[in-house]
Every structure is written in C-alpha cells, then in structure tokens.
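Okay, so here's the structure we're looking at.
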Amino acid sequence: MADPSGSARSAKPVSVGEGSCANAAGLAGGTDAVAGVAVGAAAGAAADPAGESGVAGASSGATAEAAVSPMWRSSFPAMGTRVDLIGWGGNGMAIVNAIVEVVARHEDLWSVFRVSSEVSRLNAAVASAGGGEGVSRHLAESAEGSHGLVVSEDTDRLLRDALALAEATGGAFNPLIGPLVAAWDVRAMRAAFVAGAPLPPAPSSRVVEAALRASSWGLLSRVGERRWAVGVPAESVGGVDAPSPRLDLGGIAKGYTADACRDLAVSMGARGVLVSVGTSSVSVSGTRADGSPWRAGLRDPHGAPTAIAGVVELPADGMASLSTSGDNLGPLGDARALCAGPVSECVAERVSECVAERAADLRARETSRETPGGGGRIFDHHIIDPRTGYPARSGVRQVSVVASSGVLAEALSTALLVDPSIDVSDVAARWARAMGAPASAKVVGLVRAAR
C-alpha cells in the first residue's frame with residue numbers, strides 16, 4: 001500500500017456538493033471516472049505526475065441529472081492516493097462521512113507504513129524471528145506469544161482472498177513480493193528512469209534467488225480461526241541469507257475497500273453510486289440519476305496523461321468492479337533504458353545485442369550483461385514477475401479487468417500484467433471454489449508495449 005500522503009480520518013467531516021470533486025466533463029463524452037495508471041485530471045484540474053490521483057466527477061449531463069434527483073460527490077485523501085465518490089439517493093453527507101470512517105479503518109488495518117496495522121504486526125513478528133529455520137519448525141508469533149496472530153474479520157477475509165488468488169494465478173499475483181521489490185530497488189529504478197539518469201545496478205543472481213525464496217506465497221498460512229502466520233525460508237543461497245518475508249496487501253486492498261464503500265452507500269439508501277480509489281479501482285452500483293450507466297474511461301498509456309483509449313460502461317455483464325494495472329513509465333526498453341548510462345554511451349552494436357537477448361529463455365534473460373558504460377544492467381521493465389524474480393517480459397503495459405469482486409479484478413489485472421496468457425475464467429472459477437461464492441471476470445482492456 002502506498003505511503004499515505006494524507007489520512008482519511010483527517011478529511012472528516014467531508015463537504016459534499018457540486019464543487020467538491022474534480023469535474024471530468026468532456027472526457028470521453030461524459031465519463032464518470034478514469035481508470036489507469038499515471039492518470040491526470042481533466043477539464044481544468046491539474047495533472048498528477050505521480051500517477052496516483054483519480055478523476056471522478058460529473059459528466060456533461062450533470063445538470064440534467066440534478067433536475068431528476070440531487071447528486072452528491074466528494075473527494076478525500078487516503079491510502080496514499082485519493083478516494084472519489086459520486087452518487088444519488090440517501091443522505092449524501094452521512095454516506096460520505098461513513099465511507100471516510102471505513103477507509104480510515106482499512107488503512108489502519110493494512111498499511112505497511114503504520115506500525116500498529118495488522119499487516120505490520122505480522123511482518124514485525126517475522127523480522128524478530130529471523131531467518132534460517134524451516135517453515136515447518138518456525139512460524140511467526142504475535143506479541144501475546146500465541147502461535148500466529150489473530151486478525152480482524154476484514155483482514156482474515158482479505159488474507160484468505162490473497163492466498164486463494166496467489167494459488168489460482170500460479171503466483172503471478174503474490175502478496176509477499178516485497179523482498180523482490182526491495183532487491184531490485186524498484187523505487188530507485190523508477191526515479192532514475194524518469195530523471196534520465198543511470199539505472200541502479202541489478203542485484204546478483206544469488207540475491208535474486210534469496211529474495212525469491214523469501215517471496216514465496218506458500219509462506220503465508222492460516223493456522224487457526226482468524227489466526228495467521230508467515231513462515232521464514234530455510235536455506236541461504238550461495239552464502240546470501242534470505243531476507244525476511246514481507247506481506248503487503250496493497251495489491252488488492254483498494255479493490256476490497258472500493259466494494260465495501262459501495263455496499264455501505266447502498267445500505268444507507270444510495271440508489272446509485274460510483275467509488276474510485278486511486279483510479280486503479282472503481283466500484284459501482286445502480287445507475288446514474290437519469291438512468292444511464294456509469295462510465296469509466298481507460299487511459300491510453302501511449303498518449304498524453306488525459307488521453308482515453310476506451311470507455312467501459314458499468315456494471316458490465318452484471319460485474320460492477322473494475323481494476324486497471326499498468327506500467328506508468330513504459331517498458332525500460334528504449335535506448336536510454338537498454339544502457340544504464342547516458343544515451344550517448346550506447347552504441348548501435350550494443351543496442352542490437354540487447355534486443356537479441358530478449359529472445360532467450362525467461363530465466364536466462366536475467367539482465368546480467370553489462371553495458372559499455374560499465375556497471376549497468378539491462379532492464380526491460382520495472383514491474384517484477386514474482387514467479388521468476390526478474391523484471392517482467394510480457395510486453396504488456398496496461399490491463400483492465402471487470403469482475404464480480406474488486407479483489408478478484410485487482411489480482412487478475414496485476415497477474416495479467418506479467419502473464420497475459422492466464423485464463424481469466426479459470427482463475428475466477430478456482431477462486432470461487434476456494435471462497436465458496438460465485439465469481440466472474442473478463443478483460444476489457446489490454447495494451448501492449450509499442451515495438
């Protein structure tokens with residue numbers, strides 16, 4: 001979960017009204033939300049270069065809708081991003097303030113940046129236990145000294161979802177990918193690429209293998225009623241000790257939260273509602289006030305920050321949750337990225353060699369050859385494939401999925417970003433069997449990298 005720039009609690013009480021949310025008029029002919037990565041605001045609102053702000057607001061028909069039934073809308077910071085709400089029916093002020101409380105509670109439970117969160121407590125237990133012992137002989141213990149940590153009902157459900165989806169996707173979605181992200185120093189990689197600076201050196205194969213072992217989703221286990229533990233990997237790799245596993249539910253928490261906020265609004269009398277959490281997760285119920293469907297614009301990752309590649313009407317085939325995952329920098333595959341030094345240091349022969357290397361086996365293409373500038377490695381992507389431990393080579397820049405659940409939609413959009421061959425229907429069916437509830441999903445947008 002992103003480091004929060006603001007707390008949902010600090011936003012209460014929330015004002016509700018025509019001017020309290022960014023106006024998306026003119027986007028895709030009246031789009032209520034824009035889903036994607038690095039989405040900028042539209043119609044006079046400032047673009048967000050960090051790619052975290054969403055756009056949700058009135059369409060060009062808002063005036064006509066208001067005459068049919070008053071609409072309420074609001075926006076507030078939370079989960080390191082922004083939550084946007086628009087709806088009609090019920091007491092808008094009461095609904096929005098109740099939603100603020102739900103988002104604040106979820107952030108308290110799942111933020112890896114809050115030491116008191118249940119996720120942080122699980123991680124702290126593993127870190128204090130240390131490595132070097134087998135999973136079967138050593139599981140994390142809570143501060144109370146009992147086996148595992150007893151968590152809330154919401155966290156228990158989200159952890160069961162995460163484990164079932166990791167298994168259903170063959171590990172393409174992985175809530176324990178933290179050690180790999182740290183090994184590759186993805187944040188520094190992104191910052192260097194944006195600045196046009198040399199990319200940081202890649203980790204050695206031994207470091208990657210150690211991080212890969214620490215990132216195994218099989219280390220997460222439910223050891224009792226609402227009781228969870230994270231194991232530690234058993235062996236070192238060539239003298240490199242495996243780091244502590246690190247649980248992070250940020251990959252599905254926003255989808256869970258968007259659905260929870262939507263359902264709460266409906267229970268409080270909303271007849272139609274759209275919830276957008278950070279643009280990546282959109283959840284709806286009913287229709288707009290004039291009876292027309294909610295519409296979400298899918299960002300064009302090859303275009304300007306406000307460019308729209310397509311529009312999805314929601315619900316779609318009865319599925320009311322939309323998730324978009326993407327590479328908001330683009331593949332690190334141009335001349336600047338192929339060489340970890342200034343562009344001028346690249347030579348035509350080396351660029352050709354780099355391109356040819358992409359045809360090798362996925363694990364063999366571990367980006368281990370140095371560039372002429374020295375010290376650099378070849379990166380294709382800043383998205384790490386949790387199954388191999390190396391940057392993804394899928395050739396996909398953005399994936400949008402609609403599903404019957406925000407959690408399912410988020411896990412699938414993440415998994416498809418590293419492996420577009422995944423059978424979406426099969427994953428939905430396997431997750432449905434594991435969770436004991438019907439589920440469905442489909443891809444509504446997939447953008448491949450330009451070659």
Flag the pair [X] and [Y] as a salt bridge only when some basic side-chain nitrogen lies within less than 4.0 angstrom of an acidic carboxylate oxygen.
X	Y	result
Arg262	Asp259	yes
Asp156	Arg222	yes
Arg114	Glu107	yes
Arg213	Glu209	yes

Of all heavy-atom pairs between [X] and [Y], which one has the smallest distance, and what is that distance?
X	Y	result
Ala296	Leu314	CB-CD1, 4.3 Å
Gly389	Leu212	N-CD1, 3.8 Å
Val223	Gly148	CG2-CA, 4.4 Å
Ala258	Val277	CB-CG2, 3.9 Å
Val83	Ala78	CG2-CB, 4.2 Å
Pro179	Ser244	CG-O, 3.7 Å

Is there a donor-acceptor pair closer than 3.5 Å between any side-chain N or O of [X] and the backbone N or O of [Y]?
X	Y	value
Thr287	Pro293	no
Arg226	Val151	yes
Ser117	Trp110	no
Asp317	Met319	no
Ser394	Leu417	yes
Trp72	Gly89	yes
His302	Arg448	yes
Thr257	Lys254	no
Asn123	Leu247	yes

Near Arg430 CZ, under 6.0 Å, is it more than 12 heavy atoms from other residues, nucleotides or ligands?
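Enclosed: over 12 neighbouring heavy atoms sit under 6.0 Å from CZ of Arg430.
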Option among Thr169, Asp419, Asn174 that satisfies the side-chain hydrogen bond (donor to acceptor under 3.5 Å, both in side chains) test with Arg387
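So the option named by the test is Asp419.
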How about [X] and [Y]: do any of their side-chain heavy atoms sit closer than 4.5 Å?
X	Y	result
Arg105	Asp154	yes
Trp228	Leu163	yes
Thr324	Ser280	no
Leu412	Val427	yes
Leu219	Val232	no
Arg295	Val312	no
Ile177	Asp248	no
Arg157	Tyr256	yes

is_close_aromatic(Trp184, Tyr390), centroid dist under 6.0 Å
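Ring centres of Tyr390 and Trp184 closer than 6.0 Å.
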Interatomic distance, [X] atom [atom1] to [Y] atom [atom2] [nearest 0.5 angstrom]:
X	Y	atom1	atom2	result
Arg299	Arg397	CZ	CZ	7.0 Å
Glu101	His106	CD	NE2	11.5 Å
Met268	Asn97	CE	CG	9.0 Å
Ile95	Ser74	CD1	OG	12.0 Å
Thr81	Phe76	OG1	CZ	10.5 Å
Leu446	Gln398	CG	CD	9.0 Å

Evaluate the side chain to side chain contact (heavy atoms under 4.5 Å, CB included) criterion for residues Leu298 and Val311: first the C-alpha distance (whole Å), next the side-chain angles of each, then the deciding distance (0.1 Å), finally the verdict.
CA-CA 6 Å; Leu298 305 180; Val311 175; over 6 Å; no
Donor-acceptor pair between Glu410 and Ser281 side chains, under 3.5 angstrom
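Yes - a donor-acceptor pair under 3.5 Å links their side chains.
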Trp294/Ser285 under side chain to side chain contact (heavy atoms under 4.5 Å, CB included): CA gap, chis, key distance, verdict
CA-CA 9 Å; Trp294 297 109; Ser285 177; over 6 Å; no
Would you please name every residue forming a side chain to side chain donor-acceptor pair (under 3.5 Å) with Ser152, sequence neighbours left out?
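Per chain and number, Ser152 pairs via side chain to side chain donor-acceptor pair (under 3.5 Å) with Glu118, Thr155.
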Does Ala188 have any side chain to side chain contact (heavy atoms under 4.5 Å, CB included) partners at least two apart in sequence or in another chain, and if so, which?
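Result, side chain to side chain contact (heavy atoms under 4.5 Å, CB included) vs Ala188: Asp185, Pro200.
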Should Val273 and Val284 be marked as a side chain to side chain contact (heavy atoms under 4.5 Å, CB included) after you check the CA-CA gap, both sets of side-chain angles, and the distance that decides it?
CA-CA 6 Å; Val273 62; Val284 308; over 6 Å; no
Which is it for Val402 and Lys442 under the side chain to side chain contact (heavy atoms under 4.5 Å, CB included) test, yes or no, and what are the steps along the way?
CA-CA 6 Å; Val402 291; Lys442 72 174 183 179; 3.5 Å; yes
